[in-house]
Amino acid sequence: LCSVASVTASLKEVRRVLRPGGRYIFTEHVAAPGGTWLRAAQDVFNPLQQWFSCGCRLNREPLRDIEDEFGSAMVHAERFVVNGPNQERSLPQLGQPLPPHFLLSPHFSGYAEKRA
């Protein structure tokens, strides 16, 4: 959902084509928490990211949109960080070696089910 023009329109279409009881399975990179250095970096680099990566936005937060479309009781998601082998699963910290994809952290993964 990072590169679609309208998250809301895309999710409406996903829900429309799912049969009752069907699942939309997702994994997304999302904005870091507000007030962190990583979120500030995402906000600064977002225009370049969109230009270089076909519209990909570093600072989107689509989980609320998914919950609005499917109903929060029908959405099951978990946040996580991918830092590479032998690294802690937490947001990158200043002063530590940064993985090459650090601007694409954190992530969430899960599914949304269309009511039967």
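Keep in mind that this is a model prediction, so the values were computed, not measured.
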Evaluate the side-chain proximity of Leu1 to Asp65: yes if any heavy-atom separation is below 4.5 Å, no if none is.
no

Interatomic distance, Phe45 atom CZ to Asn59 atom CG [nearest 0.5 angstrom]:
13.0 Å

Do Phe70 and Arg15 have side chains that get closer than 4.5 Å, going by heavy atoms?
yes

Would you indicate whether the side-chain heavy atoms of Arg64 and Val7 approach each other to under 4.5 Å?
no

When clusters are formed by joining ILVMFWY residues with side-chain heavy atoms under 4.5 Å apart, either directly or through shared neighbours, do Leu58 and Trp51 land in the same one?
yes

Kindly compute the distance separating CG (Asn46) from CZ (Arg60), expressed to the nearest 0.5 Å.
9.0 Å

Between Asp43 and Pro47, what is the shortest heavy-atom contact and its length?
O-CD, 3.8 Å

Taking Leu63 as the starting point, is it possible to reach Val4 by hopping between hydrophobic residues whose side chains are less than 4.5 Å apart?
yes

Mind checking whether Leu38 and Leu103 have side chains closer than 4.5 Å, heavy atoms only?
yes

If every non-hydrogen atom of Ala32 is compared with every non-hydrogen atom of Pro106, which pair is closest and at what distance?
CA-CD, 3.5 Å

Rounded distance (nearest 0.5 Å) linking atom CD of Glu28 with atom CZ of Arg79
12.0 Å

Counting C-beta onward and ignoring hydrogens, is there a side-chain heavy-atom pair between Phe108 and Ile66 closer than 4.5 Å?
yes

Looking only at heavy atoms, which two atoms of Ala31 and Arg39 are closest? And how far apart?
CB-NH1, 3.4 Å

Heavy-atom check, side chain of Cys56 versus side chain of Gln49, under 4.5 Å:
yes

Just how far is it from atom OH of Tyr111 to atom OH of Tyr24, taken to the nearest 0.5 Å?
15.0 Å

Quick one: pull up NZ in Lys114 and CZ in Arg16 and give me the separation to the nearest 0.5 Å.
8.5 Å

Residue pair Thr8 / Asp68, side-chain heavy-atom distance below 4.5 Å
no

Would you say the side chain of Gln42 lies within less than 4.5 Å of the side chain of Thr36, judging by non-hydrogen atoms?
no

Matching residue for Val30 among Cys2, Ser105, Pro62 - test: side-chain contact (heavy atoms from CB on, under 4.5 Å)
Pro62

Shortest non-hydrogen contact between Pro20 and Ala116, atoms and distance:
CB-CA, 3.7 Å

Parallel, tilted or perpendicular: which one describes the rings of Phe80 and His107, with boundaries at 30° and 60°?
parallel

What distance separates Ser6 OG from Glu13 CD, expressed to the nearest 0.5 Å?
11.5 Å

Of all heavy-atom pairs linking Arg57 and His29, the shortest is O-CE1, 3.4 Å

ILVMFWY cluster, Phe102 and Leu48 together (side-chain gap under 4.5 Å):
yes

